[in-house]
Amino acid sequence: MFTTRTRRVLSAAAVAAAFPLVLTGCGMDDKGDSGAGSAASASASAPMEESSSAAMPGKEPFGPACSSLPTSGEGSVQGMADDPVATAASNNPALSTLVAAVKKAGLVDTLNNAQNITVFAPTNDAFAKIPKADLDKVLNDKAMLTKVLTYHVVGQKLTPQQLENGSFDTLEKSKLMTSGSGEDYTVNDTSKVVCGNVPTANATVYIVDTVLMPKS
């Protein structure tokens, strides 16, 4: 009698233990495909996102001078991205001489209103390489200053890959040449890109260490 009762108890316990498993199994049949699909989709999408990100090189600014940009505020990479190029440059302390020259030439609106351009922006140190008498002469001749400044502007957005062996028409109407690879690029064989691929609202900026001079 004891044995029979014990067996019944054990049997009931086994059924009770199995019952949630059966319910779980039924739940998987009804809804599990969706859950499994979501999990599989999430699992598959993560590598795809990483792969997609890895497949798009050159999106971030690069170069030794990028570390000197402000880390926050309007002059930072994120801040510059929100403003048109002349305004963005005015918030960057390393480009104050260029900004003063752009204002003197009356090109602020021209640059801010242009669409999809590339600006090769000389640093303050780049302008300091020019003998003062020569720089003053250029700054005080609006036609010459406009010619020099517009030579630094290309009428299309250029990716780093396009700079590897490039020849581009400038707004000044003559060509500038680029060469290099990776994160090492030179313009006209004389001017190094020290912080490249900086986005603004209407332009891509490549900050350079030497002022570019038109050949004619």
Side-chain angles (χ1 to χ4, degrees), residues 56-63 65-66 69 74-75 77-92 94-123 126-127 130 138-139 141-216:
M56 299 192 326
K59 287 187 68 177
E60 298 297 322
F62 62 86
C66 291
L69 296 179
E74 296 300 317
V77 170
Q78 292 77 13
M80 290 179 70
D82 295 333
D83 293 319
V85 64
T87 302
S90 70
N91 293 318
N92 190 317
L95 301 176
S96 59
T97 305
L98 172 63
V99 170
V102 167
K103 288 179 178 178
K104 194 158 192 176
L107 292 174
V108 171
D109 289 341
T110 299
L111 294 178
N112 276 348
N113 293 328
Q115 294 300 314
N116 299 320
I117 59 175
T118 294
V119 176
F120 293 90
T123 62
F127 281 99
I130 303 173
V138 173
L139 291 175
D141 184 333
K142 186 174 180 179
M144 184 182 297
L145 181 59
T146 299
K147 184 180 179 69
V148 170
L149 293 176
T150 53
Y151 183 65
H152 290 74
V153 184
V154 172
Q156 60 178 305
K157 283 189 176 182
L158 300 176
T159 66
Q161 289 74 21
Q162 288 175 285
L163 301 187
E164 291 179 359
N165 185 22
S167 174
F168 306 104
D169 291 324
T170 68
L171 295 193
E172 184 269 334
K173 305 299 184 187
S174 59
K175 289 185 179 293
L176 61 76
M177 315 295 288
T178 61
S179 59
S181 62
E183 296 187 356
D184 183 11
Y185 296 96
T186 303
V187 186
N188 286 353
D189 295 324
T190 59
S191 188
K192 288 283 188 183
V193 173
V194 293
C195 182
N197 209 32
V198 179
T200 73
N202 68 325
T204 299
V205 176
Y206 290 89
I207 300 175
V208 295
D209 69 356
T210 304
V211 176
L212 306 172
M213 293 295 181
K215 292 182 169 57
S216 59

J.: Do T170 and V153 have side chains that get closer than 4.5 Å, going by heavy atoms?
T.: no
J.: So do the side chains of L149 and L98 get within less than 4.5 Å of each other, counting heavy atoms only?
T.: yes
J.: Could you tell me which non-hydrogen atom of Y206 sits nearest to which non-hydrogen atom of P160, and how far apart they are?
T.: OH-N, 3.2 Å
J.: Are any of the side-chain heavy atoms of V187 and M177 separated by less than 4.5 Å?
T.: no
J.: In Å, rounded to the nearest 0.5 Å, how long is the span from OG1 of T110 to CG of L171?
T.: 9.0 Å
J.: How about T204 and P199: do any of their side-chain heavy atoms sit closer than 4.5 Å?
T.: no
J.: Got F120 and F168 here, is their nearest side-chain heavy-atom distance under 4.5 Å?
T.: no
J.: Scan the side chains in residues 82-91 for donor-acceptor partners under 3.5 Å anywhere in the protein, sequence neighbours excluded, and list what turns up.
T.:
unit_1, atom_1, unit_2, atom_2, d
T87, OG1, N112, ND2, 3.1
S90, OG, T87, O, 2.5
N91, ND2, T87, O, 3.3

J.: Locate the shortest heavy-atom distance separating G63 from E183; write the atom from each residue and the value.
T.: N-OE1, 4.3 Å
J.: Which pair of non-hydrogen atoms, one from I117 and one from L111, has the smallest distance, and what is that distance?
T.: CD1-O, 4.0 Å
J.: State, to 0.1 Å, how close K157 and Q162 come at their nearest heavy-atom pair, and which atoms those are.
T.: O-OE1, 3.5 Å
J.: Please assess K215 against K175 for the test side-chain contact (heavy atoms from CB on, under 4.5 Å), listing each intermediate value before the final yes or no.
T.: CA-CA 9 Å; K215 292 182 169 57; K175 289 185 179 293; over 6 Å; no
J.: Measure from the side-chain N and O atoms of D184 to the backbone N and O of G180, and report whether any donor-acceptor pair falls under 3.5 Å.
T.: no
J.: Please check if any side-chain donor atom of T186 sits under 3.5 Å from a side-chain acceptor atom of K192, or the reverse.
T.: yes
J.: In the structure I gave you, are the side-chain heavy atoms of I207 and T123 within less than 4.5 Å of one another anywhere?
T.: yes
J.: Main chain of T210, side chain of S191: is a donor-acceptor contact present, judged purely on distance under 3.5 Å?
T.: yes
J.: Tell me if a side-chain donor or acceptor on T118 pairs with a main-chain N or O of L158 at a distance below 3.5 Å.
T.: yes
J.: Counting only heavy atoms from other residues, nucleotides and ligands, does the tally under 6.0 Å from CG of N116 exceed 12?
T.: yes
J.: Could you tell me which non-hydrogen atom of C195 sits nearest to which non-hydrogen atom of L69, and how far apart they are?
T.: SG-CD1, 3.9 Å
J.: Is any side-chain heavy atom of Y185 closer than 4.5 Å to one of T178?
T.: no
J.: For a quick test of reading the model, state the closest non-hydrogen atom pair linking C66 to G196 and the distance between them.
T.: SG-N, 4.2 Å
J.: Not counting sequence neighbours, list each pair that qualifies as a disulfide bond (SG atoms under 2.5 Å apart) and has a residue in residues 147-185.
T.: none
J.: Would you check if M80 and V198 make a side-chain contact, meaning some heavy-atom pair closer than 4.5 Å?
T.: yes
J.: Please check if the side chain of H152 supplies one atom and the backbone of L212 the other of a donor-acceptor pair under 3.5 Å.
T.: yes
J.: Quick check: does any side chain N or O of N202 sit under 3.5 Å from a backbone N or O of Q115, one acting as donor and the other as acceptor?
T.: no
J.: Can a side-chain donor-acceptor contact be found between Y151 and N188 if the only test is distance below 3.5 angstrom?
T.: yes
